[in-house]
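Data block below; observations after.
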Amino acid sequence: MCAARLSTVVLDARDAHELARFYTRLLGYEVRAEEPHWVLIGPPDGAAGTALAFETEPEYVPPVWPARNPGDQQMMLHLDVEVDDLEAETARAVAEGATLAGEQPQDDVRVLFDPSGHPFCLWVRAAQ
C-alpha cells in the first residue's frame with residue numbers, strides 16, 4: 001500500500017480570503033487555518049473530503065476556458081463537485097458569486113467560473 005495520499009488542492013488567486021469565503025459557502029467547508037496571504041478550508045467536523053487552500057498571488061492571471069488563442073493562460077486543473085440537483089446547485093453557485101460559462105459541453109455537467117476565474121464543474125451522477 002502506498003503511504004502517500006492527496007490531502008489538499010491549492011489554488012492561486014488575487015485574494016486568497018475572498019476565494020476561500022466563496023468555497024466555504026459553496027461546499028459547506030470551514031476555515032481550518034489562515035495567514036495574511038493563505039487560507040486552508042476543509043469539510044466540517046472532520047468529515048471526509050479533500051481540503052482546499054488558497055494563496056494570494058499578486059501576479060495571478062485567470063485561465064481562459066476554453067482556450068482559443070495561442071498565448072491564452074491555460075487551465076491547469078479544475079475542480080469537479082458532485083451535486084444531487086444540477087439546476088438548483090448551479091443557481092446557488094451563481095448566487096454565491098460564480099459565473100456560468102458560455103460553453104456547456106455536457107447535459108449532466110455545468111461549467112462555472114469562481115470569483116478568481118478558475119473553471120469548476122458541477123455534475124450529477126447519471127441514473128444507473
Minimal heavy-atom distance between Pro115 and Gly97, with the atoms involved, is CG-O, 3.8 Å
Which atom names give the shortest non-hydrogen contact between Ser116 and Leu19, and what distance separates them? OG-CD2, 3.8 Å
Among the clusters formed by ILVMFWY side chains lying less than 4.5 Å apart, do Leu112 and Val81 turn up in the same one? yes
Are any non-hydrogen side-chain atoms of Pro63 and Pro119 less than 4.5 angstrom apart? yes
Hey, could you give me each pair passing ring pair (Phe, Tyr, Trp, His ring centres under 6.0 Å) that has a residue in residues 79-103? Not counting sequence neighbours. none
Check the angle between the aromatic planes of Phe120 and Tyr23 and answer parallel, tilted or perpendicular using the 30° and 60° thresholds. perpendicular
Does the pair Arg125/Glu82 count as a salt bridge with the N-to-O cut at 4.0 Å? yes
Holding to side-chain contact (heavy atoms from CB on, under 4.5 Å), I want the full list of residues that pass it with Asp80, two or more places apart in sequence or in another chain. His78, Cys121, Trp123
Please check if the number of heavy atoms outside Glu87 that lie under 6.0 Å from its CD is greater than 12. no
Quick one: list whatever passes salt bridge (Lys or Arg N to Asp or Glu O under 4.0 Å) with Glu103, sequence neighbours left out. Arg68
CZ of Phe54 to CG of Leu11, rounded to nearest 0.5 Å, is 5.5 Å
If the condition is salt bridge (Lys or Arg N to Asp or Glu O under 4.0 Å), which residues does Arg25 pass it with, not counting sequence neighbours? Glu96
Run the side-chain contact (heavy atoms from CB on, under 4.5 Å) check on Tyr60 and His118 step by step: do they pass? CA-CA 11 Å; Tyr60 172 76; His118 300 103; 3.2 Å; yes
Over all atoms of both residues, closest heavy-atom pair of Trp65 and Pro105: CH2-CD, 4.1 Å
Once salt bridge (Lys or Arg N to Asp or Glu O under 4.0 Å) is applied, do any residues pair with Glu18, and if so which ones, sequence neighbours excluded? none
Are Leu26 and Leu77 connected in the hydrophobic side-chain network, where two residues link if heavy atoms are under 4.5 Å apart? yes
Does any part of the side chain of Leu52, heavy atoms only, come nearer than 4.5 Å to the side chain of Leu27, both counted from C-beta? yes
Contacts of Glu34 that satisfy salt bridge (Lys or Arg N to Asp or Glu O under 4.0 Å) - sequence neighbours left out: none
Determine whether His17 and Trp38 make a side-chain contact, defined as any pair of heavy atoms from C-beta on separated by less than 4.5 Å. no
Can you hop from Leu100 to Leu122 via hydrophobic side chains spaced under 4.5 Å? yes
Please report the closest heavy-atom contact between Gly117 and Pro62, naming both atoms and the distance. CA-CB, 4.3 Å
Examine Leu40 and Leu79 and state if one hydrophobic cluster contains both, with Ile, Leu, Val, Met, Phe, Trp and Tyr joined whenever side-chain heavy atoms are less than 4.5 Å apart. no
Apply side-chain contact (heavy atoms from CB on, under 4.5 Å) to residues Thr50 and Thr8 and explain how you reach the verdict. CA-CA 6 Å; Thr50 301; Thr8 308; 5.6 Å; no
Quick check against the 3.5 Å criterion: does Arg32 have a side-chain atom that pairs as donor or acceptor with the backbone of Tyr29? no
Show, in sequence, the C-alpha distance, side-chain angles and deciding distance for Glu57 and Arg14, and conclude whether the side-chain contact (heavy atoms from CB on, under 4.5 Å) test is met. CA-CA 5 Å; Glu57 172 53 61; Arg14 283 195 189 104; over 6 Å; no
Identify the heavy atoms of Leu86 and Val83 that sit nearest to each other, and give their distance. CA-CG2, 3.9 Å
Could you tell me the separation between the CD atom of Glu35 and the OG1 atom of Thr56, rounded to the nearest 0.5 Å? 11.0 Å
Cluster overlap Phe22 with Val10, hydrophobic side-chain contacts below 4.5 Å: no
